[in-house]
Amino acid sequence: MFMSIVIACPWLITRFIDSDAEFTFVPASQIEQVVKETGAIPFDAPGVELGHHEGRCSFESIILKYGLKEPGLLRLAETVHAADVSADIDKDPIARGLEAIASGYSLRFPEDLENLEHQFEVYDALYAWCRLQVAKK
């Protein structure tokens, strides 16, 4: 799994599930404690419901859990999956580009919350492109 794709899930949550969501990034060893203390919903971590399961990446697990079906979003999920699951990197023609962009943002903005601020625009633009692609079919 490429850690630089970590912004895709907060983008999905904010844009499609809870526009007021707040994100706390903690080491995997602290997830259970933070969930108990705050009631947070963990995602994109080992062993959590909204993580990697049955060949799905966390982005896809969130889509499945919340019943999201918008075609452009499902197209975006294909790209995110391929960029996030190293064995599938070449299954989508733009996955390597997304991985490179996400990695570059992570290098420029190593603090997670700052990275969120800057990288959401990338996912907004990619989602717009995905919507156009599915509309052409």
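Every value quoted in this text rests on a predicted model; they were computed, and no experiment measured them. Numbers here are sequence positions counted from 1. Only this structure's heavy atoms are used, side chains among them; waters, hydrogens and symmetry mates stay out.
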Visitor: Hey, is CD on Glu32 packed in by over 12 heavy atoms from elsewhere, all under 6.0 Å?
Guide: no
Visitor: Should Val26 and Leu50 be counted in the same cluster of Ile, Leu, Val, Met, Phe, Trp and Tyr side chains packed under 4.5 Å apart?
Guide: no
Visitor: What's the shortest heavy-atom distance between Pro10 and Val6, and which atoms?
Guide: CD-O, 3.0 Å
Visitor: Between Ile17 and Ile63, is there a shared hydrophobic cluster once you connect ILVMFWY residues whose side-chain heavy atoms come closer than 4.5 Å?
Guide: yes
Visitor: Taking atom CD1 of Ile62 and atom CG of Asp44, what is their separation to the nearest 0.5 Å?
Guide: 7.5 Å
Visitor: How long is the straight-line distance from CG of Leu113 back to CD of Glu22, given to the nearest 0.5 Å?
Guide: 10.0 Å
Visitor: Short question: side chain of Glu111, backbone of Glu114 - any donor-acceptor pair under 3.5 Å?
Guide: no
Visitor: If Ile, Leu, Val, Met, Phe, Trp and Tyr residues are connected whenever their side-chain heavy atoms lie under 4.5 Å apart, and connections chain through other members, are Phe16 and Tyr66 in the same group?
Guide: yes
Visitor: Could you report the tightest heavy-atom contact between Val80 and Tyr123, atom names first, then the distance?
Guide: CG2-CE2, 4.2 Å
Visitor: Tell me whether Glu99 is salt-bridged to Arg96, with the criterion being a basic N under 4.0 Å from an acidic carboxylate O.
Guide: no
Visitor: Report the distance from atom NE2 of His81 to atom CG of Leu74, rounding to the nearest 0.5 Å.
Guide: 14.0 Å
Visitor: Do Leu116 and Thr14 have side chains that get closer than 4.5 Å, going by heavy atoms?
Guide: no
Visitor: Which atom names give the shortest non-hydrogen contact between Ser58 and His52, and what distance separates them?
Guide: OG-CD2, 3.3 Å
Visitor: Verify the neighbour count for atom CD of Glu37: are there more than 12 heavy atoms of other residues, nucleotides or ligands below 6.0 Å?
Guide: yes
Visitor: Kindly give the heavy-atom pair with the smallest separation between Ala95 and Thr79, and that separation in Å.
Guide: CB-O, 4.0 Å
Visitor: Could you tell me whether Asp92 and Arg75 have a side-chain N and a carboxylate O separated by less than 4.0 Å?
Guide: yes
Visitor: Out of curiosity, does Ile31 fall in the hydrophobic cluster containing Phe23 (side-chain heavy atoms, cut-off under 4.5 Å, transitive links)?
Guide: no
Visitor: Going through the distances and angles, do Asn115 and Ser106 end up as a side-chain contact (heavy atoms from CB on, under 4.5 Å)?
Guide: CA-CA 7 Å; Asn115 195 347; Ser106 294; 3.4 Å; yes
Visitor: Going from CZ on Arg56 to CG on Asp84, what distance comes out if it is rounded to the nearest 0.5 angstrom?
Guide: 13.0 Å
Visitor: Among Phe109, Trp11, Tyr105, find the one that has a ring pair (Phe, Tyr, Trp, His ring centres under 6.0 Å) with His118.
Guide: Phe109
Visitor: How far apart are the C-alpha atoms of Phe59 and Leu64, what are their side-chain angles, what is the distance that settles it, and do they pass the side-chain contact (heavy atoms from CB on, under 4.5 Å) test?
Guide: CA-CA 9 Å; Phe59 193 90; Leu64 181 65; over 6 Å; no
Visitor: Can you name the nearest heavy-atom pair linking Gln119 to Ile7, along with the distance?
Guide: NE2-CG1, 3.2 Å
Visitor: Closest approach of Glu49 and Ser61, non-hydrogen atoms and distance?
Guide: O-CB, 4.1 Å
Visitor: What do you reckon, is CD1 of Ile41 surrounded by more than 12 foreign heavy atoms closer than 6.0 Å?
Guide: no
Visitor: With rounding to the nearest 0.5 Å, note down the distance linking CZ in Arg131 to NZ in Lys136.
Guide: 14.5 Å
Visitor: Quick one: CG on Leu76 to CG on Leu12, what's the gap to the nearest 0.5 Å?
Guide: 8.0 Å
Visitor: Answer whether the closest heavy-atom distance between the side chains of Glu78 and Lys91 falls below 4.5 Å.
Guide: no
Visitor: Take Ile13 and Phe43 through the test side-chain contact (heavy atoms from CB on, under 4.5 Å) and record every step on the way to the result.
Guide: CA-CA 10 Å; Ile13 292 164; Phe43 65 90; 4.0 Å; yes
Visitor: Is the count of non-hydrogen atoms from other residues, nucleotides or ligands lying under 6.0 Å from Glu121 atom CD greater than 12?
Guide: no
Visitor: Go through it in stages, so that I can follow the logic: the residues are Arg15 and Leu73, the test is side-chain contact (heavy atoms from CB on, under 4.5 Å), and I'd like the CA-CA distance, side-chain angles, deciding distance and then a yes or no.
Guide: CA-CA 11 Å; Arg15 296 298 192 252; Leu73 185 60; over 6 Å; no
